[in-house]
Amino acid sequence: MKVDSALREAELTRAESFAKSLDKPMGILGLLFLFVVLGQLVATQEALVTALTILGWVFWLVFVAEFLLRAYVARFQLKFWKKSWWQVIFLLVPFLRFFRSLQALRLFRLSRVGRLGAILSASVRGTRSAGRLMTSRIAWLVAVTAVVALGSSQLLYATGAYDSYSDALFEAALTTVTGSGITSTDGFPRVLHITLATYSVAVFATLAGTLGAFFLRGTPSEAEPRTSTSASTSTR
């Protein structure tokens, strides 16, 4: 039993190291995918929409292949699925748009849910990509904030809260940074407003702590010479 457990742990460790080796290329694809989804949302020419849709699904197949490859390296262990179940959800949600036959029931607008799911999935993948690519905490916060603003603006535009994407982007970005800015009084924009306001408070609290730690980092080293000097003086 101990040997089997050790083998499983070794396989999981190998899967994690394999995932880390793919961090940068998959991170770049994740950020590009966010802009591909944005292009699908705002493009008006049919040929461009078709090209972006095909490109988006190519990206998505790459993400699915990468996930299945990591699962294979981990030997499809239950522990792997427990750690990665939420990724399965984000990989499957966009496929709801294909179940158009079920829309006759009028219980769910599956096509719309699939579209919003694709935007949300791209945003989550974009934030993870920022974490993979950015080593500095401040750079990571800036990148994640930009992804959150982009994703939020796409959600506002896709739900019909704004007729102009530029207005949705402006107000989403303003709310992400300052905590106030969304003027729409519909249900979803209000919920998103509260979420973004909470996010902005958390980001600025983290930023203040990071900057405070940076400026205070040199304080102990500056205090040591004074202490040693005073000690030598007292000895004399």
Could you state the interatomic distance from [atom1] ([X]) to [atom2] ([Y]), rounded to the nearest 0.5 Å?
X    : Y    : atom1 : atom2 : result
L141 : F204 : CG    : CZ    : 10.0 Å
L150 : I119 : CG    : CD1   : 11.5 Å
I194 : I182 : CD1   : CD1   : 10.0 Å
S123 : L155 : OG    : CG    : 6.0 Å

**Report entry** Any residue meeting side chain to side chain donor-acceptor pair (under 3.5 Å) with T127, in chain and number order, not counting sequence neighbours
**Finding:**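 If we apply the side chain to side chain donor-acceptor pair (under 3.5 Å) test to T127, skipping adjacent residues, there are no hits.
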
Hey, any chance [X] and [Y] share a hydrophobic cluster, counting ILVMFWY side chains that come within less than 4.5 Å of each other, even indirectly?
X    : Y    : result
L38  : I28  : yes
W140 : V201 : no
V58  : F67  : no

Nonpolar side-chain network containing L174, other nodes, edges under 4.5 Å: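 The other cluster members (ILVMFWY side chains, heavy atoms under 4.5 Å, direct or chained) are F170.
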
Using the six-membered ring of F63, assess whether NZ or CZ of R125 lies under 6.0 Å from its centre and within 45 degrees of the ring axis.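 Judged by the rule, R125 and F63 form a cation-pi pair.
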
Could you check whether any side-chain N or O of [X] sits under 3.5 Å from a backbone N or O of [Y], counting only pairs where one atom can act as donor and the other as acceptor?
X    : Y    : value
H193 : T183 : no
S129 : G27  : yes
Q40  : L52  : yes
T159 : L156 : yes

State, yes or no, whether a side-chain contact exists between [X] and [Y] at a heavy-atom distance under 4.5 Å.
X    : Y    : result
L29  : P25  : no
V88  : W81  : yes
L192 : L196 : yes

Checking side chain to side chain contact (heavy atoms under 4.5 Å, CB included) for the pair Y157/D167: CA distance, chi angles, key distance, verdict?
CA-CA 9 Å; Y157 184 70; D167 292 339; over 6 Å; no

Could you go step by step and tell me if Y199 and T175 meet the side-chain hydrogen bond (donor to acceptor under 3.5 Å, both in side chains) rule?
-> CA-CA 9 Å; Y199 171 83; T175 307; over 6 Å; no

### Query
Between the side chains of E171 and Y162, is a donor N or O closer than 3.5 angstrom to an acceptor N or O?
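Yes, side-chain donor-acceptor contact under 3.5 Å.
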
For F35, ring pair (Phe, Tyr, Trp, His ring centres under 6.0 Å) partners two or more places apart: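 Testing F35 for ring pair (Phe, Tyr, Trp, His ring centres under 6.0 Å), a comparison that skips the adjacent residues, returns none.
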
Q.
Restricting to non-hydrogen atoms, name the atom on S121 and the atom on W60 that form the minimum distance, rounded to 0.1 Å.
A.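 Taking S121 first and W60 second, the nearest heavy atoms are CB-CH2, 3.4 Å.
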
Inset, instruction - Just do the side chain to side chain contact (heavy atoms under 4.5 Å, CB included) check on V62 and M26 with the steps written out, would you? - result: CA-CA 9 Å; V62 173; M26 296 306 297; 4.1 Å; yes

*Apply side chain to side chain contact (heavy atoms under 4.5 Å, CB included) to L68 and Y72, showing your working.*
CA-CA 6 Å; L68 291 177; Y72 172 77; over 6 Å; no

